[in-house]
2 protein chains.
Amino acid sequence: MKHTYDYPRPAVTTDCVALRFSAGHLKLVLIQRAHKPFKNAWALPGGFLDMDEDLKTCVCRELEEETGITNVFVEQIKAYGTVDRDPRGRTVSVAFLGLMNPDDSQLDAGDDASDAQWFRIDQLPKLAFDHGQVIKDALALLRTKVRSEPIGFELLPKKFPLRDLQRLYEIILDQSFDKRNFRRRILDLGVLVDVGQVEKNSKHRAAKLYRFDRKKYKQMKKNEVAFKL
Amino acid sequence: MKHTYDYPRPAVTTDCVALRFSAGHLKLVLIQRAHKPFKNAWALPGGFLDMDEDLKTCVCRELEEETGITNVFVEQIKAYGTVDRDPRGRTVSVAFLGLMNPDDSQLDAGDDASDAQWFRIDQLPKLAFDHGQVIKDALALLRTKVRSEPIGFELLPKKFPLRDLQRLYEIILDQSFDKRNFRRRILDLGVLVDVGQVEKNSKHRAAKLYRFDRKKYKQMKKNEVAFKL
DNA sequence: GCAAAAGTGTTTCGGGTACACCCATGT
DNA sequence: ACATGGGTGTACCCGAAACACTTTTGC
């Protein structure tokens, strides 16, 4: 079936900068292109917007179709629409930052997804289209937001030791924190609760586990207390 | 001439939250709709993306066509694409924040523009589509950016007294600053230069005029000194 | 000469930063 | 018992905030 309009229209797509925190590194999922243009280069997962779905729905659907990943926190970065960004035709792409629990990030070798792979963000391959810029913008957004909103927790399991939270912040912000100061600052915010458990399989003394308490965070916002790291 | 595609495509538009600072208030330009839907409600200037123009080009062109305003600093807010945001059909709109020198903001009664008007942002009329949300997001972006980037100057003439700069910041951030502390902070950044002139037509003692020095700002950034208010 | 706004330094206070040792646990 | 990482308190310093008077100029 064909679709006809009085004026030409660009294609609208979404792309996802899907990040995972594991083994002390931020990792990004990319898909190797099988065809021209940018054959064999790596691209962000993404695809065309359906007429009956919102932008967020689209980016989550495409991410699942191409990588098998579900259950992702997504936040819009911005729209990219330079005239020649896709040599095949005019395309406007809305990019999203996707953050996930490391337990939810097993790649599924779907049909579309046979060439999906995780890359450390400091070891990226040749990228297709303007995806290099999109990734830069995504990381800049992550760095900004992680300081003023509790989005770091989206990259950790429900229960986590403070050490992991500190390492995550250190990796994202590319700076190191004093352990005591970091713990005080985070705990004084009052949005973490001790779940009363400790790590399993610790090689030495096991660390307490905490979880982020969304209700307490909302309360804190209502009281106009800022989340500032 | 008709344009045909294998899959349906949403229309792509841009919208502009164009702000001006005058008489101690932030003002926003809106256009009254003559037709359904949202007949007689007020809407942001904006329109369809042409196939050979970038998003920024589009929003500037539409703003000029509908209001006569040119010479605007524009910065993307985000894309809006919920399924039912325009009852006439699926539309994805990329919204921009537009800031202008108050001298450049005379409204031009063009054909499209006969009903363009400035409104104080705290006295807005009934708005069409999701434009209320877009405006909220625009102001949030302005508040964030004005603290970490020198975009406030886009809302002032080339030469301005420090008093006006302080009033602008106070209006945007909805808080008052101590005059001496404000001046010290701004001047210590080292990005303002005394132009060696004073205000004309002052009713009393005339204030010195300053201008923002973009070169010094770039130098400052290169030295990794932060612009923080 | 007076009304109105411009311009200018110092003190105080609090939050952020620096810093080191004991504890618990697995091997 | 030892190696490894977990967990904890205090002192200092710097930058932000508070604060009031003199100067200039138009009327």
Check the distance between [N]'s [atom2] and [X]'s [atom1] and give it to me in whole angstrom.
X: L229(A); N: dG15(C); atom1: CG; atom2: P; result: 16 Å
X: E199(A); N: dG26(C); atom1: CD; atom2: C1'; result: 13 Å
X: D188(B); N: dG9(C); atom1: CG; atom2: P; result: 12 Å
X: L209(A); N: dG7(D); atom1: CG; atom2: P; result: 9 Å
X: N201(A); N: dT25(C); atom1: CG; atom2: C1'; result: 14 Å
X: K203(B); N: dA6(C); atom1: NZ; atom2: C1'; result: 15 Å
X: L187(B); N: dG9(C); atom1: CG; atom2: P; result: 12 Å
X: F182(B); N: dA6(C); atom1: CZ; atom2: P; result: 13 Å

Between [X] (side chain only) and [Y] (backbone N and O only), is there a donor and an acceptor less than 3.5 Å apart?
X: D178(A); Y: N181(A); result: yes
X: Q76(B); Y: F96(B); result: no
X: E66(A); Y: A116(A); result: no

Verdict with supporting geometry, D54(B) and K56(B), salt bridge (Lys or Arg N to Asp or Glu O under 4.0 Å): CA-CA 5 Å; D54(B) 290 345; K56(B) 268 195 188 185; over 6 Å; no
Over 12 foreign heavy atoms within 6.0 Å of CZ, R214(B): no
T82(A) side, atom OG1; F129(A) side, atom CZ - distance, nearest 0.5 Å: 11.5 Å
I172(B) CD1 to L155(B) CG distance, which is reported to the nearest 0.5 Å: 5.5 Å
Within the sub-3.5 Å range, which N or O atoms of nucleotides 12-17 of chain D have a protein N or O partner, and how far apart are they?
unit_1	atom_1	unit_2	atom_2	d
dA17(D)	OP2	R185(B)	NH1	3.0

5' priority, DNA chain C, between Y210(B) and A206(A) [closest heavy atom]: Y210(B)
dG7(D) phosphate, OP1 or OP2, under 4.0 Å from R183(A) side-chain N/O: yes
side-chain hydrogen bond (donor to acceptor under 3.5 Å, both in side chains) partner of E199(A), the single match among R163(A), R205(A), K208(A): R163(A)
Interface residues of residues 166-180 of chain B with DNA chain D (non-hydrogen, below 4.0 angstrom): D178(B), R180(B)
Distance-only donor-acceptor test, R205(B) side-chain atoms vs dT23(D) base atoms, 3.5 Å: yes
Contact check, side chains of W42(B) and L28(B), non-hydrogen atoms, under 4.5 Å: no
H204(A) side-chain proximity, nearest of dA5(C), dG26(C), dC23(C): dG26(C)
